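Below: one structure, written as C-alpha coordinates.
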Amino acid sequence: CWQERFQAGDWQLSSVVPAMAGWFKRLLHKPKPRSVENSLNTSRSTSSLPSSSSAESSSSSSSMSLIRSICPSPVLVSDISASGSARWAKTYDVCICHSEVDLEVVEELVSYLEGQPESFRCFLQLRDAAPGGAVVTELCDAVQNSHCWVMLITPGFLQDPWCKYQMHQALAEAPMANGRTIPVLKDVDRKDYPKELRNLYYIYMKENSFRQIRDTVVR
(Lines give C-alpha, C1' and ligand atoms only; values in the text may rest on other atoms or scores of the structure.)
Protein backbone atom coordinates (compact mmCIF):
# COMPACT_ATOMS: atom_id res chain seq x y z
CA CYS A 1 0.00 0.00 0.00
CA TRP A 2 2.79 2.39 0.94
CA GLN A 3 4.63 1.50 -2.27
CA GLU A 4 1.58 2.41 -4.31
CA ARG A 5 1.34 5.78 -2.51
CA PHE A 6 5.05 6.45 -3.05
CA GLN A 7 4.81 5.65 -6.73
CA ALA A 8 1.77 7.86 -7.10
CA GLY A 9 3.52 10.74 -5.33
CA ASP A 10 6.61 10.22 -7.39
CA TRP A 11 4.58 10.40 -10.55
CA GLN A 12 2.92 13.61 -9.45
CA LEU A 13 6.31 15.18 -8.52
CA SER A 14 7.87 14.23 -11.83
CA SER A 15 5.05 15.95 -13.66
CA VAL A 16 5.19 19.11 -11.55
CA VAL A 17 9.00 19.71 -11.74
CA PRO A 18 9.12 20.18 -15.55
CA ALA A 19 6.21 22.58 -15.34
CA MET A 20 7.93 24.70 -12.71
CA ALA A 21 11.20 24.69 -14.67
CA GLY A 22 9.37 25.97 -17.74
CA TRP A 23 7.73 28.70 -15.74
CA PHE A 24 11.07 29.92 -14.29
CA LYS A 25 12.61 29.88 -17.77
CA ARG A 26 9.84 32.05 -19.20
CA LEU A 27 10.15 34.41 -16.25
CA LEU A 28 13.91 34.88 -16.77
CA HIS A 29 13.58 35.45 -20.50
CA LYS A 30 10.63 37.76 -20.26
CA PRO A 31 11.53 41.02 -22.15
CA LYS A 32 11.77 44.20 -20.08
CA PRO A 33 9.27 46.96 -20.72
CA ARG A 34 10.55 49.47 -23.29
CA SER A 35 10.20 52.41 -20.92
CA VAL A 36 12.45 50.76 -18.33
CA GLU A 37 15.05 49.83 -20.96
CA ASN A 38 15.12 53.38 -22.35
CA SER A 39 15.47 54.75 -18.83
CA LEU A 40 18.48 52.50 -18.10
CA ASN A 41 20.20 53.37 -21.40
CA THR A 42 19.71 57.08 -20.79
CA SER A 43 21.12 56.78 -17.27
CA ARG A 44 24.24 54.95 -18.53
CA SER A 45 24.92 57.50 -21.29
CA THR A 46 24.43 60.42 -18.91
CA SER A 47 26.84 59.03 -16.32
CA SER A 48 29.55 57.99 -18.82
CA LEU A 49 29.64 61.10 -21.08
CA PRO A 50 30.06 64.70 -19.82
CA SER A 51 27.71 67.32 -21.16
CA SER A 52 28.92 69.50 -24.01
CA SER A 53 28.80 72.63 -21.85
CA SER A 54 30.89 70.95 -19.14
CA ALA A 55 33.44 69.75 -21.71
CA GLU A 56 33.71 73.19 -23.27
CA SER A 57 34.06 74.82 -19.86
CA SER A 58 36.77 72.33 -18.83
CA SER A 59 38.63 72.82 -22.13
CA SER A 60 38.44 76.60 -21.78
CA SER A 61 39.74 76.48 -18.19
CA SER A 62 42.64 74.23 -19.22
CA SER A 63 43.55 76.55 -22.10
CA MET A 64 43.52 79.63 -19.87
CA SER A 65 45.67 77.85 -17.27
CA LEU A 66 48.16 76.88 -19.97
CA ILE A 67 48.29 80.44 -21.29
CA ARG A 68 48.90 81.82 -17.79
CA SER A 69 51.73 79.36 -17.23
CA ILE A 70 53.41 80.19 -20.55
CA CYS A 71 53.05 83.97 -20.55
CA PRO A 72 55.63 85.58 -18.20
CA SER A 73 54.61 88.28 -15.81
CA PRO A 74 55.51 91.78 -16.97
CA VAL A 75 58.74 93.10 -15.49
CA LEU A 76 58.82 96.71 -14.44
CA VAL A 77 62.00 98.49 -15.48
CA SER A 78 62.90 101.75 -13.80
CA ASP A 79 63.23 104.67 -16.18
CA ILE A 80 66.18 106.93 -15.40
CA SER A 81 64.47 109.74 -17.33
CA ALA A 82 61.31 109.54 -15.20
CA SER A 83 60.56 112.48 -12.94
CA GLY A 84 60.78 110.25 -9.85
CA SER A 85 64.28 108.98 -10.69
CA ALA A 86 66.97 109.55 -8.05
CA ARG A 87 69.14 111.37 -10.60
CA TRP A 88 66.87 114.44 -10.48
CA ALA A 89 67.57 114.88 -6.77
CA LYS A 90 71.09 115.97 -7.76
CA THR A 91 72.43 118.83 -9.84
CA TYR A 92 74.61 116.49 -11.92
CA ASP A 93 74.26 112.90 -13.06
CA VAL A 94 78.00 112.26 -13.27
CA CYS A 95 81.04 113.90 -11.72
CA ILE A 96 84.25 113.07 -13.62
CA CYS A 97 87.25 112.86 -11.28
CA HIS A 98 90.44 113.08 -13.33
CA SER A 99 93.91 114.51 -13.65
CA GLU A 100 94.51 117.54 -15.88
CA VAL A 101 96.87 115.51 -18.05
CA ASP A 102 93.91 113.28 -19.02
CA LEU A 103 91.65 116.14 -20.03
CA GLU A 104 91.42 115.08 -23.70
CA VAL A 105 89.95 111.62 -23.04
CA VAL A 106 87.68 113.06 -20.32
CA GLU A 107 86.26 115.60 -22.77
CA GLU A 108 85.51 112.75 -25.19
CA LEU A 109 83.71 110.84 -22.44
CA VAL A 110 81.69 113.89 -21.40
CA SER A 111 80.73 114.58 -25.01
CA TYR A 112 79.59 110.97 -25.39
CA LEU A 113 77.47 110.95 -22.20
CA GLU A 114 75.86 114.32 -22.84
CA GLY A 115 74.99 113.23 -26.38
CA GLN A 116 73.03 110.17 -25.20
CA PRO A 117 69.20 110.12 -25.30
CA GLU A 118 69.21 110.50 -21.51
CA SER A 119 71.14 113.81 -21.87
CA PHE A 120 73.36 113.13 -18.88
CA ARG A 121 74.43 116.21 -16.93
CA CYS A 122 78.19 115.95 -16.37
CA PHE A 123 80.42 117.98 -14.10
CA LEU A 124 83.73 118.80 -15.77
CA GLN A 125 85.97 120.66 -13.37
CA LEU A 126 87.70 123.08 -15.77
CA ARG A 127 84.38 123.84 -17.47
CA ASP A 128 81.84 123.90 -14.66
CA ALA A 129 83.73 125.09 -11.56
CA ALA A 130 82.76 128.63 -10.54
CA PRO A 131 85.48 131.16 -11.36
CA GLY A 132 87.10 132.45 -8.17
CA GLY A 133 85.74 129.54 -6.11
CA ALA A 134 88.06 127.66 -3.78
CA VAL A 135 89.28 124.37 -5.24
CA VAL A 136 88.33 122.40 -2.14
CA THR A 137 84.83 123.93 -2.06
CA GLU A 138 84.21 123.31 -5.76
CA LEU A 139 85.40 119.71 -5.59
CA CYS A 140 83.31 118.95 -2.50
CA ASP A 141 80.20 120.58 -4.00
CA ALA A 142 80.67 118.61 -7.23
CA VAL A 143 80.85 115.32 -5.33
CA GLN A 144 77.88 116.08 -3.07
CA ASN A 145 75.69 117.29 -5.96
CA SER A 146 76.33 114.35 -8.30
CA HIS A 147 74.43 111.08 -8.65
CA CYS A 148 77.48 109.05 -9.76
CA TRP A 149 81.25 109.54 -9.72
CA VAL A 150 83.48 108.32 -12.53
CA MET A 151 87.13 108.14 -11.49
CA LEU A 152 89.54 107.95 -14.40
CA ILE A 153 92.48 106.26 -12.71
CA THR A 154 95.67 106.85 -14.69
CA PRO A 155 99.30 107.38 -13.71
CA GLY A 156 98.51 111.10 -13.57
CA PHE A 157 95.53 110.46 -11.25
CA LEU A 158 97.70 108.47 -8.83
CA GLN A 159 100.22 111.33 -8.62
CA ASP A 160 97.67 114.15 -8.24
CA PRO A 161 96.81 114.95 -4.57
CA TRP A 162 93.58 116.69 -5.60
CA CYS A 163 92.40 113.53 -7.38
CA LYS A 164 93.03 111.49 -4.25
CA TYR A 165 91.18 114.08 -2.18
CA GLN A 166 88.18 113.93 -4.51
CA MET A 167 88.28 110.12 -4.44
CA HIS A 168 88.12 110.09 -0.65
CA GLN A 169 85.25 112.59 -0.69
CA ALA A 170 83.29 110.38 -3.10
CA LEU A 171 83.88 107.27 -0.97
CA ALA A 172 82.71 109.15 2.11
CA GLU A 173 79.60 110.37 0.29
CA ALA A 174 78.64 107.01 -1.25
CA PRO A 175 77.01 105.41 1.83
CA MET A 176 74.83 108.51 2.32
CA ALA A 177 73.89 109.16 -1.32
CA ASN A 178 71.86 107.35 -3.95
CA GLY A 179 74.80 107.07 -6.31
CA ARG A 180 77.80 105.00 -7.33
CA THR A 181 81.55 105.25 -7.54
CA ILE A 182 82.70 103.94 -10.92
CA PRO A 183 86.48 103.35 -11.20
CA VAL A 184 87.87 103.34 -14.75
CA LEU A 185 91.46 102.13 -15.22
CA LYS A 186 93.65 103.43 -18.04
CA ASP A 187 97.35 102.55 -18.42
CA VAL A 188 97.48 101.35 -14.81
CA ASP A 189 98.43 97.85 -13.65
CA ARG A 190 96.19 95.97 -11.29
CA LYS A 191 98.84 96.13 -8.59
CA ASP A 192 98.71 99.94 -8.71
CA TYR A 193 94.93 100.04 -8.30
CA PRO A 194 94.18 102.23 -5.22
CA LYS A 195 93.64 100.06 -2.16
CA GLU A 196 90.71 102.28 -1.12
CA LEU A 197 88.81 101.07 -4.22
CA ARG A 198 89.66 97.38 -4.14
CA ASN A 199 86.23 96.45 -2.83
CA LEU A 200 84.72 97.93 -6.02
CA TYR A 201 84.64 96.44 -9.52
CA TYR A 202 86.27 98.62 -12.16
CA ILE A 203 86.06 99.18 -15.90
CA TYR A 204 89.25 98.80 -17.90
CA MET A 205 89.50 101.46 -20.60
CA LYS A 206 89.15 99.98 -24.09
CA GLU A 207 87.08 100.46 -27.23
CA ASN A 208 83.62 99.99 -25.70
CA SER A 209 84.40 101.53 -22.31
CA PHE A 210 82.24 104.61 -22.88
CA ARG A 211 79.26 102.35 -23.46
CA GLN A 212 80.02 100.41 -20.26
CA ILE A 213 80.22 103.64 -18.27
CA ARG A 214 76.91 104.83 -19.71
CA ASP A 215 75.19 101.50 -18.88
CA THR A 216 76.54 101.60 -15.33
CA VAL A 217 75.20 105.11 -14.79
CA VAL A 218 71.79 104.04 -16.11
CA ARG A 219 71.58 101.15 -13.64
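Quick caveat: nothing in here was measured; it's all calculated off a predicted structure.
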State, with a plain yes or no, whether a side-chain heavy atom of [X] is found less than 4.5 Å away from one of [Y].
X    : Y    : value
L109 : V105 : no
T181 : M167 : no
Q125 : E138 : no
F157 : Q166 : no
L185 : I203 : no
V184 : M151 : no
L197 : L200 : yes
F123 : V94  : no

Show the nearest heavy-atom pair for residues [X] and [Y], with the distance to one decimal.
X    : Y    : value
F210 : Y112 : O-CE2, 3.4 Å
K90  : Q144 : NZ-O, 3.0 Å
S209 : Y204 : OG-O, 3.1 Å
P194 : L158 : CG-CD2, 3.8 Å
T216 : R180 : O-NH1, 3.6 Å
R214 : F120 : CG-CE1, 3.8 Å

- Message: Looking at E114 and R127, is there a salt bridge between them, counting it only when a charged N and a carboxylate O are closer than 4.0 Å?
- Response: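 Yes, this pair counts.
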Using 0.5 Å steps for rounding, measure from the [atom1] atom of [X] to the [atom2] atom of [Y].
X    : Y    : atom1 : atom2 : value
E173 : H168 : CD    : NE2   : 15.0 Å
I182 : C148 : CD1   : SG    : 4.5 Å
Q116 : R211 : CD    : CZ    : 7.0 Å
K164 : S99  : NZ    : OG    : 12.0 Å
N208 : D215 : CG    : CG    : 9.5 Å
L171 : E196 : CG    : CD    : 7.5 Å

Check whether [X] reaches the backbone of [Y] with its side chain - one donor and one acceptor, N or O, closer than 3.5 Å.
X    : Y    : value
S146 : A142 : yes
D189 : K191 : no
D192 : V188 : no
D128 : L124 : yes
D93  : R121 : yes
W149 : V143 : yes

- Message: Please verify the inter-ring angle class for Y202 with Y193; under 30° counts as parallel, over 60° as perpendicular, anything in between as tilted.
- Response: tilted
Following the transitive rule for hydrophobic clusters with a side-chain heavy-atom cut-off under 4.5 Å over Ile, Leu, Val, Met, Phe, Trp and Tyr, establish whether [X] and [Y] coincide in one cluster.
X    : Y    : result
I96  : M205 : yes
L152 : L139 : no
I213 : V110 : yes

- More than 12 heavy atoms from other groups under 6.0 Å of CD on E108: yes
- In terms of side-chain heavy atoms, does T154 have a donor or acceptor partner in D102 at a distance below 3.5 Å?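 D102 and T154 do have a side-chain donor-acceptor pair below 3.5 Å.
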